[in-house]
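Comments concern the structure below.
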Amino acid sequence: MNLLDNLKERILIGDGATGTLLYSYGIDRCFEELNLTHPDGIFHIHEEYLKAGAEVIQTNTYGANYIKLNRYGLEERVKEINSEAVKIARRAAKKDAFVIGTIGGIHGARFHSELSEEIKRSFREQLYCLLFENVDGLLLETYYDLDELITVLKIARQVTNIPIITNVSMHEPGVLENGILLSEAIKRLEDLGADVVGVNCRLGPYHVLKALETVPIPEKAFLSAYPNSSLPEFRNGKLLYKSEPEYFKKFAAHFRDEGVRLMGGCCGTTPDHIRSMKEGIQGLKPIKKKKVKEQARIEIAETKKLDELTLFEKVKTKRSIIVELDTPKDLDTRRFFEGAKALKEVGIDGLTVADNSLASPRICNKTMASLVKRDIGLSSLVHVTCRDRNLIGLQSHLMGLHTLGIRDILAITGDPTKIGDFPGATSVFDVTSFDLIKLIKQCNEGVSFSGKSLKQKTNFHVATAFNPNVHNIKKSTERLEKKIQFGADYVLTQPIFSREKIIETREATKHIKAPIYIGIMPLVSSKNAEFLHNEVPGIKLTDETRKRIAIAKSPEQELRTGLDIAKELIDTAIEYFNGIYLITPFIRYELSVELAKYIQQRTKELDAKKQSQFVLS
């Protein structure tokens with residue numbers, strides 16, 4: 001009988017972790033390479049699990065794909081590594097156990113906005129290698145991203161009829177990272193052709209059982225469970241799992257009561273855990289009916305709308321001016337608050353405060369934005385980068401911003417640490433700016449990054465950055481379109497230094513409905529102009545602009561020329577765009593005050609001209 005015929009009649013025991021055993025032996029290299037260099041060691045691990053009672057064993061191929069092997073310089077050995085893995089498992093299993101080819105999720109627990117063609121190609125390559133060796137089935141395991149799992153399941157189902165096991169991984173019991181319930185995810189996988197559907201990794205037996213209590217027995221597929229042995233403990237530089245094997249004996253019977261037909265172990269499990277599982281189901285037959293616990297859906301409250309309009313709401317309908325004012329690099333905050341107050345008095349719509357721009361530490365922008373709102377009454381657009389915070393920090397940061405009443409966020413990647421004050425610091429980049437936009441919008445649905453309810457919806461409006469200072473603006477515009485698809489509400493450009501570039505930006509983006517703020521930065525000197533042009537990524541000045549400021553005869557003339565250039569750019573920008581984004585150099589807020597007044601005056605003149613033309617017509 002094949003794997004599925006066996007599952008119709010009885011409960012099968014799978015194996016446990018391979019990586020855990022290798023890790024415990026002190027091996028800290030690519031585990032999959034051991035199929036080639038130490039095949040007897042991998043054979044011995046299979047053999048130990050078979051002796052413990054495993055009837056279904058996995059090939060040592062979890063990360064044996066082009067992308068993951070590339071980290072070790074082994075990307076050209078995908079076929080060899082996968083082929084040998086199957087042969088080793090076959091030699092161990094003989095005819096006494098089923099051999100299933102394991103393909104792990106490439107995204108893992110990180111968030112990604114989309115499944116790239118590279119990932120699809122990498123999956124197909126590994127899939128064909130395993131199918132060529134005639135595995136008894138496929139195991140797609142440790143997929144936190146349901147969309148990734150669905151994509152690879154579809155690919156696999158199109159080319160093979162062998163049994164496919166799909167195991168999702170949860171951050172929270174009973175719910176996936178995008179907020180979808182486990183029961184719904186399993187039903188979708190079953191409908192797409194998965195033969196066995198279930199969970200693995202991240203959670204131990206207790207929470208896996210709790211999650212499975214909410215899952216009905218599938219109509220066509222079978223349920224699987226491969227829990228971790230426990231939550232890991234970090235001790236002396238190593239991850240350790242403390243669960244006793246006897247604990248698994250009790251839970252094996254409980255898993256059977258929830259309809260599980262295939263059970264094994266994931267991280268932290270050993271042959272002893274599998275032996276205990278085998279003992280736990282001794283004499284038990286599979287069940288066909290169960291009482292499903294209804295999973296309580298937590299009510300998510302709408303966030304009370306603030307009295308004031310957000311920047312996004314303002315720029316949609318009228319001229320809007322925002323000003324970037326960098327928070328201090330030291331603890332002297334006087335000039336920053338002076339500037340914020342002066343800009344408030346001149347009538348700008350909001351500050352925009354960077355998140356440690358150029359990878360240099362400054363006073364926390366969330367703190368300064370909160371104080372400006374409380375003490376001066378001016379709202380802020382707070383930048384959030386992917387560089388400095390991991391997913392935990394980003395989630396916490398966003399909840400804090402919401403709690404403080406900050407509603408406008410600029411989601412950006414952030415400058416790499418190597419260009420800043422601490423070039424040896426770590427750049428986190430758990431997510432891209434695309435992912436961050438998507439996750440912020442997920443919070444707007446009341447769902448945390450892990451899929452857990454926030455019990456309240458955030459109501460952020462998300463801005464995104466756009467760099468028109470490139471040779472091929474079409475390509476840059478396509479990137480912007482993608483950001484808008486992922487949820488960006490409005491746009492801020494890099495500073496532009498030519499009228500032609502503003503007009504080109506208009507032509508390139510006129511089909512985009514999201515409002516755009518055009519970046520204008522006054523130059524303060526010829527040195528400033530040369531530095532920006534030659535050393536700051538994403539900024540380019542025209543030769544004419546550099547020449548005009550270079551021929552000024554004094555610092556005062558240089559500054560005046562810089563302001564004149566900015567005003568000329570503003571004249572063009574307000575013809576085509578509602579939003580003007582003034583970038584203040586060196587906290588010289590008086591320059592932005594002057595330009596804000598100029599924008600307001602020019603706006604009045606243009607409005608009056610339009611009104612006059614309307615009356616005459």
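Because the structure is a prediction, the values reported are computed rather than measured. In this chain, residues are counted from 1 in sequence order.
- Here salt bridge (Lys or Arg N to Asp or Glu O under 4.0 Å) pairs that include residues 92-103, with residues two or more places apart or in two chains, number zero.
- Here L130 contributes atom CG and I103 contributes atom CD1; the two are 5.0 Å apart, rounded to the nearest 0.5 Å.
- Here R275 pairs with D272 in a salt bridge; the nearest charged N to carboxylate O distance falls below 4.0 Å.
- Looking at T59 and N82, their side chains never bring a donor and an acceptor atom within 3.5 Å of each other.
- A cation-pi arrangement, defined by a distance under 6.0 Å to the six-membered ring centre and an angle within 45 degrees of its axis, is present between R91 and F43.
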Derivation and outcome, side chain to side chain contact (heavy atoms under 4.5 Å, CB included), residues N65 and I119: CA-CA 9 Å; N65 59 72; I119 287 178; over 6 Å; no

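- For Y226, there are no side-chain hydrogen bond (donor to acceptor under 3.5 Å, both in side chains) partners at least two apart in sequence or on another chain.
- Of all non-hydrogen atoms in F248 and N228, the two that sit nearest each other are CZ-O, 3.7 Å.
- Side chains of Q456 and H402: a donor on one and an acceptor on the other come within 3.5 Å.
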ring-ring contact (aromatic ring centres under 6.0 Å, His included) between F251 and H254, intermediate numbers included: CA-CA 5 Å; F251 274 93; H254 291 328; 5.6 Å; yes

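- Between F312 and H461, the ring-plane angle classifies as tilted under the 30° and 60° cut-offs.
- Side-chain atoms of L21 and P271, non-hydrogen and from C-beta on, do get closer than 4.5 Å to each other.
- Pairs passing the salt bridge (Lys or Arg N to Asp or Glu O under 4.0 Å) check and including a residue from residues 440-450, sequence neighbours excluded, read K441-D489.
- The pair D435-K438 does not count as a salt bridge, with every side-chain nitrogen at least 4.0 angstrom from each carboxylate oxygen.
- Applying the side-chain hydrogen bond (donor to acceptor under 3.5 Å, both in side chains) criterion to R10, with sequence neighbours excluded, gives N6, E55.
- Evaluation of the side-chain hydrogen bond (donor to acceptor under 3.5 Å, both in side chains) rule for S427 yields T417 as partners, not counting sequence neighbours.
- Here E117 pairs with K120 in a salt bridge; the nearest charged N to carboxylate O distance falls below 4.0 Å.
- With sequence neighbours left out, D355 forms a side-chain hydrogen bond (donor to acceptor under 3.5 Å, both in side chains) with T385, R389.
- For the atom pair CG of L189 and CD1 of I165, the computed distance is 13.0 Å after rounding to the nearest 0.5 Å.
- Between H171 and Y144, the ring center distance clears the sub-6.0 Å criterion.
- When only modelled atom types and interatomic distance are considered, Q58 and D15 share a side-chain donor-acceptor pair under 3.5 Å.
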